[in-house]
Amino acid sequence: MERMNMVKSVGRAMDVINAVSTSRNGMGVTDIAQQMDINKSSVYRILHTLEEYGFIEQNEESGKYKLGYKLLEISSRLLESIDLRTEAQPFLKTLENYTSEVIHLVVYDQGEVVYLEKMEGTETLRMHSKVGRRAPMHCTSVGKVILSQLPERTVLDIIERKGLPKHTDHTITDTGLFLTELKNVKQKGYALDLEENEQGIICIAAPIFDHTQQVAAALSISGTSLRMTEERLTDLKDKVIDAGRGISARLGYLQ
């Protein structure tokens with residue numbers, strides 16, 4: 001019985017923290033008691049304990065309670081321990097199982113993308129991509145979807161340094177057309193590589209955001225132009241976007 005009471009107290013403490021976290025200006029004891037449907041004396045005891053440990057703070061002027069900086073300290077440790085590749089793995093595997101195609105995870109670095117993970121799928125496909133290898137941004141779906149989330153000045157700087165070299169007959173090499181493409185990508189939430197990097201290969205990608213609300217990476221599905229039809233791409237766009245959102249959430253991104 002005593003153990004059950006202790007567990008119940010911990011549960012109530014967590015409920016108090018959750019309640020207080022919903023109010024930017026803090027909450028009074030009465031508000032908390034009414035929301036949790038418990039008496040004020042119980043709320044006082046819980047708040048006092050949480051305050052002792054730094055999880056809750058009281059504003060001396062208003063008397064209201066808000067989250068304490070101890071939670072920020074713990075959150076910072078959690079964010080520092082998050083590994084993108086590890087968090088992305090289940091989502092990438094789900095896509096691989098669903099599509100049987102090649103799945104990529106990339107990060108942005110100095111005007112290029114770097115392959116962080118590659119799942120081969122079960123369909124036949126030969127690509128130049130390899131974990132650790134770099135690739136251009138302007139002609140890859142992962143590169144375009146990352147660029148679409150960056151300031152235009154940054155994009156123009158990358159174009160100035162890297163150019164828009166032609167990789168296939170489908171590569172966009174005009175700056176104006178490319179900027180229009182990025183605007184469309186941002187609006188849609190995904191990017192396509194329609195044989196722009198490698199002949200006969202089509203890719204679809206979605207962005208991944210981190211806890212700073214900035215684009216951190218991208219993931220993609222790649223297949224032959226015979227398999228990646230317009231109808232199939234329509235089906236896959238929601239899958240890849242949902243996977244990007246799922247990974248983003250694991251990185252602390254707030255939708």
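This one's a predicted model, so the numbers in the text were calculated from it and none came from an experiment.
- Separation of atoms SG (Cys139) and CG (Leu194) is listed at 12.0 Å; rounding is to 0.5 Å.
- Ring geometry for His138 versus His167: interplanar angle over 60°, hence perpendicular rather than tilted (30 to 60°).
- Linking Ile, Leu, Val, Met, Phe, Trp and Tyr residues whenever their side-chain heavy atoms come within less than 4.5 Å leaves Val131 and Tyr108 in two separate clusters.
- Leu67 contributes atom CG, which lies 9.0 Å from atom CD of Glu57 (distance to the nearest 0.5 angstrom).
- The number of heavy atoms from other shown groups lying within 6.0 Å of NZ (Lys188) is above 12.
- Thr99 places a side-chain heavy atom less than 4.5 Å from the side chain of Leu236.
- Each of Val215, Leu182, Val155 was checked for a side chain to side chain contact (heavy atoms under 4.5 Å, CB included) with Gln149, and the lone residue meeting it is Val215.
- For Lys239 and Asp235, the salt-bridge test fails: no basic side-chain N is under 4.0 Å from an acidic carboxylate O.
- In terms of hydrophobic clustering, with Ile, Leu, Val, Met, Phe, Trp and Tyr side chains grouped at heavy-atom distances under 4.5 Å, Ile241 and Val142 are assigned to different clusters.
- Side-chain contact check for Tyr253 versus His211: every heavy-atom pair is 4.5 Å or farther apart.
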Using salt bridge (charged side-chain N to carboxylate O under 4.0 Å, His left out), reason through Arg133 and Glu112 one step at a time and then give a plain yes or no.
CA-CA 10 Å; Arg133 181 169 290 177; Glu112 297 175 315; over 6 Å; no
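- No donor-acceptor pair closer than 3.5 Å links the side chain of Ser23 to the backbone N or O of Val20.
- Within the 3.5 Å criterion, the main-chain N or O of Glu123 finds no donor-acceptor partner in the side chain of Arg227.
- A heavy-atom distance below 4.5 Å is not found between the side chains of Lys64 and Val29.
- Taking each heavy atom of Ala205 and Ser141 in turn, the nearest pair found is CB-OG, 3.4 Å.
- In this structure, Lys118 forms no cation-pi arrangement with Tyr115, as its terminal cationic atom is not both closer than 6.0 Å to the ring centre and no more than 45° off the ring axis.
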Show the numbers, then the answer: is there a side chain to side chain contact (heavy atoms under 4.5 Å, CB included) between Gln89 and Arg85?
CA-CA 6 Å; Gln89 201 85 13; Arg85 189 170 175 270; 4.1 Å; yes
Kindly indicate, with the supporting measurements, whether the criterion salt bridge (charged side-chain N to carboxylate O under 4.0 Å, His left out) is fulfilled by Arg153 and Asp157.
CA-CA 6 Å; Arg153 183 65 260 170; Asp157 287 342; 3.0 Å; yes
Might you work through the side chain to side chain contact (heavy atoms under 4.5 Å, CB included) test for Ile146 and Val113, ending with a clear yes or no?
CA-CA 9 Å; Ile146 290 174; Val113 293; 4.1 Å; yes
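- Side-chain N or O atoms of Asp31 include none that pairs as donor or acceptor with a backbone N or O of Met27 at under 3.5 Å.
- Interatomic distance, OG of Ser222 versus CG of Asn197, reported as 9.5 Å (0.5 Å rounding).
- In plain terms, the two heavy atoms of Leu105 and Ala217 that are nearest each other are CD1-CB, 4.5 Å.
- Looking only at side-chain heavy atoms (C-beta outward), Asp193 and Glu198 stay at 4.5 Å or farther from each other.
- Taking every heavy atom of both residues into account, Leu92 and Glu117 meet most closely at CD1-CG, 3.8 Å.
- A heavy-atom distance below 4.5 Å is found between the side chains of Met228 and Leu233.
- In terms of modelled atom types and a separation under 3.5 Å, the side chain of Ser225 and the main chain of Ile201 share no donor-acceptor contact.
- For the atom pair CG (Leu219) and CD1 (Ile221), the distance works out to 7.0 Å, reported to the nearest 0.5 Å.
- Here Ile172 contributes atom CD1 and Leu177 contributes atom CG; the two are 7.0 Å apart, rounded to the nearest 0.5 Å.
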Side chain to side chain contact (heavy atoms under 4.5 Å, CB included) between Ile32 and Leu47, worked out
CA-CA 10 Å; Ile32 297 171; Leu47 287 170; 4.1 Å; yes
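- Residues Gly54 and Lys70 approach most closely at O-CB, 3.1 Å, considering heavy atoms.
- The side chain to side chain contact (heavy atoms under 4.5 Å, CB included) with Gln58 is formed by just one residue from the set His48, Glu51, Lys66; it is Glu51.
- Clustering ILVMFWY residues whenever any of their side-chain heavy atoms sit less than 4.5 angstrom apart, transitively, puts Val16 in the very cluster that holds Phe55.
- Counting all heavy atoms, side chain and backbone alike, Ile46 lies closest to Ile38 at CD1-CD1, 4.4 Å.
- In the hydrophobic clustering of this structure, Tyr190 groups with Val107; members are Ile, Leu, Val, Met, Phe, Trp, Tyr whose side-chain heavy atoms approach within less than 4.5 Å, directly or through other members.
- Residues Glu181 and Lys144 share a closest heavy-atom pair of OE2-NZ, 2.9 Å.
- Taking CD1 from Ile103 and CG from Asn97, the interatomic distance works out to 9.5 Å, rounded to the nearest 0.5 Å.
- If you check the side chains of Thr212 and Asp210, you find a donor sitting under 3.5 Å from an acceptor.
- Thr171 contributes no side-chain N or O that, together with a main-chain N or O of Lys166, makes up a donor-acceptor pair within less than 3.5 Å.
- Under the 4.5 Å side-chain contact rule for hydrophobic residues, Met137 and Ile202 do not share a cluster.
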Stepwise side chain to side chain contact (heavy atoms under 4.5 Å, CB included) test for Thr234 and Glu231:
CA-CA 5 Å; Thr234 299; Glu231 181 180 3; 5.7 Å; no
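- Checked by atom type, the side-chain pair Asn39/Ser42 shows a donor-acceptor distance below 3.5 Å.
- With a 4.5 Å cut-off on side-chain heavy atoms, His104 and Val102 count as touching.
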